[in-house]
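Counting starts at 1 for both ligands and their atoms, following the listed order. In this chain, numbering begins with 1 at the start of the sequence shown.
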Amino acid sequence: MIPIAKPLLGEAEAEAASAAVLSGWVSQGPRVAEFEAAFAAMTGAAHACAVSNCTTALHLALQGVGVGNGDEVITVSHSFIAGANAILQCGATPIFVDIEAEGYNIDPAGIAAAVTARTRAILVVHQIGMPCDMPAILAIARDHGLPVIEDAACAVGSEINIDGNWMPIGRPLGDVACFSFHPRKVLTTGEGGMLTTQDAALDAKFRLWRQHGMSVSDRERHGSSSVIFESYPVRGYNYRMTDIQAAIGIAQLARLPSIIAARRRLAERYHEALAGLPGVTPPREPAWARSNWQSYAVRLSPELDQRIVMQRLLDAGVATRRGIMNMHREESQMDLPVRFPLNNSEFAQDKAILIPLFAQMTTEDQDIVLGELENAIGAEYPQAKAG
Ligand SMILES: *Cc1c(COP(=O)(O)O)cnc(C)c1O
């Protein structure tokens with residue numbers, strides 16, 4: 001069986017976790033601080049604040065830019081459900097706009113029409129690792145004086161070219177970027193998240209909110225030679241990352257360049273092999289983007305049945321996933337307003353399939369996937385096999 005994804009974890013992560021346990025300090029402490037510093041250095045962000053996962057990161061980011069009761073946040077339906085849930089958690093309403101016809105990211109052209117007097121922020125997603133068209137998004141946001149939050153859950157190690165310079169996703173071009181370290185993403189700490197920002201005041205808020213709104217951290221109290229009484233100036237949450245997770249994260253960050261290089265090599269091989277295959281369209285990478293290929297999505301021709309193709313692949317030992325979900329189609333979100341057509345979003349969910357891609361994947365594994373994909377669509381496209 002070839003899995004859809006597989007985290008790259010080894011002795012380095014096991015030793016780092018073991019050292020954290022044996023140090024006697026396992027909750028948010030020195031290793032979290034070290035992971036934050038390393039993450040800020042990797043992304044070029046001025047500040048990085050670690051939290052328990054990306055969903056809590058999104059909640060703090062939205063609250064940080066002022067999203068609250070009765071507000072609207074413009075975002076996509078075509079994304080993981082955590083996006084809408086984080087907006088709803090703030091007492092606000094997600095306003096869904098469509099994605100581009102070819103890719104899987106927000107269509108900047110749809111944003112301006114969605115702005116109302118209640119709009120408080122724009123939440124864009126670098127979907128499956130592919131950077132959004134940030135210059136176009138930021139131009140619209142500036143026109144309307146709106147903050148931009150980047151859901152970079154899948155985009156660690158992806159890069160975008162701005163004015164001729166390549167930069168990693170994460171030194172936010174908007175106001176805040178939010179990352180996930182779930183094992184389905186490119187870098188994992190089991191569970192974990194990170195907020196990056198250039199704004200020191202925002203970063204200070206995140207640090208208060210993630211630990212109950214408490215004025216001093218455990219680490220400061222333990223390290224102090226004089227008695228400290230903590231206070232609670234604001235209401236907060238417990239959104240902390242543990243030092244065990246952070247230790248794993250530090251080891252993972254050291255591997256990141258080789259993980260990204262391997263993923264990009266495999267993606268390149270997929271592009272070449274799939275270019276001539278009828279019935280499928282490989283993903284396109286704009287000249288200004290370098291994806292980490294967190295997922296590799298191929299689009300099936302309209303006449304191909306997604307479930308049948310996926311079942312044939314599963315029967316042949318190749319795991320796949322359907323295209324990214326549409327939140328507005330899920331029972332829990334059915335009461336949300338749908339003000340704009342979401343045809344591209346629905347089409348992408350119904351006609352894309354994600355095929356296996358992970359750093360340890362061999363070219364033999366990849367050839368099996370390619371051969372079985374040809375077989376799976378071969379009945380409808382005999383020329384695919386002949387070719
Ligand atoms: C995975 C994911 C999330 C949620 O991340 P968690 O760390 O599991 O909370 C949010 N948004 C997107 C786009 C994701 O892919």
(message) Can you confirm, on distance only, whether ligand 1 has an N/O atom lying under 3.5 Å from any N/O atom belonging to K185?
(response) yes
(request) Name the closest protein heavy atom to atom 7 (O) of ligand 1, giving the residue it belongs to and the distance to 0.1 Å. (result) S180 OG, 2.7 Å
(message) Is G83 close enough to touch ligand 1? Criterion: a residue heavy atom under 4.0 Å from a ligand atom.
(response) no
(request) Give yes if a backbone or side-chain nitrogen or oxygen of E191 is under 3.5 Å from a nitrogen or oxygen of ligand 1, and no if not. (result) no
(message) With a 6.0 Å cut-off on the ring centroids, do F96 and H78 count as close?
(response) no
(message) Please confirm whether R184 approaches ligand 1 to less than 4.0 Å, judged on its heavy atoms.
(response) no
(request) Answer yes or no on whether R290 is positioned over the face of W166, meaning its NZ or CZ is under 6.0 Å from the six-membered ring centre and within 45° of the axis. (result) yes
(message) Test of understanding: given a 4.0 Å heavy-atom threshold, classify the contact between S79 and ligand 1 as side chain, backbone, both, or neither.
(response) side chain
(message) Please report whether the ring centroid of H222 lies less than 6.0 Å from that of W25.
(response) yes
(message) Would V73 and T93 count as a side-chain contact (heavy atoms from CB on, under 4.5 Å) here? Give the steps.
(response) CA-CA 6 Å; V73 177; T93 305; over 6 Å; no
(message) Under 6.0 Å between ring centres: does that hold for Y296 and H271?
(response) yes
(request) List the closest protein heavy-atom neighbour of atom 9 (O) of ligand 1: residue, atom name, distance to the nearest 0.1 Å. (result) T55 OG1, 2.5 Å
(message) Any heavy atom of G193 closer to ligand 1 than 4.0 angstrom?
(response) no
(message) Please classify the V125 to ligand 1 contact at 4.0 Å (heavy-atom distances, strictly less than): side chain, backbone, both or neither.
(response) side chain
(request) Answer yes or no: does an N/O atom from D151 fall short of 3.5 Å to an N/O atom of ligand 1? (result) yes
(request) Number the atoms of ligand 1 from 1 as they appear, then name those within less than 4.0 Å of a heavy atom of F80, with their elements. (result) 2 (C), 3 (C), 4 (C), 12 (C), 14 (C)
(request) For residues F179 and F39, establish whether the separation of their ring centroids is below 6.0 Å. (result) yes
(request) Taking all non-hydrogen atoms of both residues into account, name the closest pair between L354 and R322 and its distance. (result) CG-O, 3.8 Å
(message) Quick one about D98 and S345 (side-chain donor to acceptor, distance below 3.5 Å, no hydrogens or angles considered), yes or no?
(response) yes
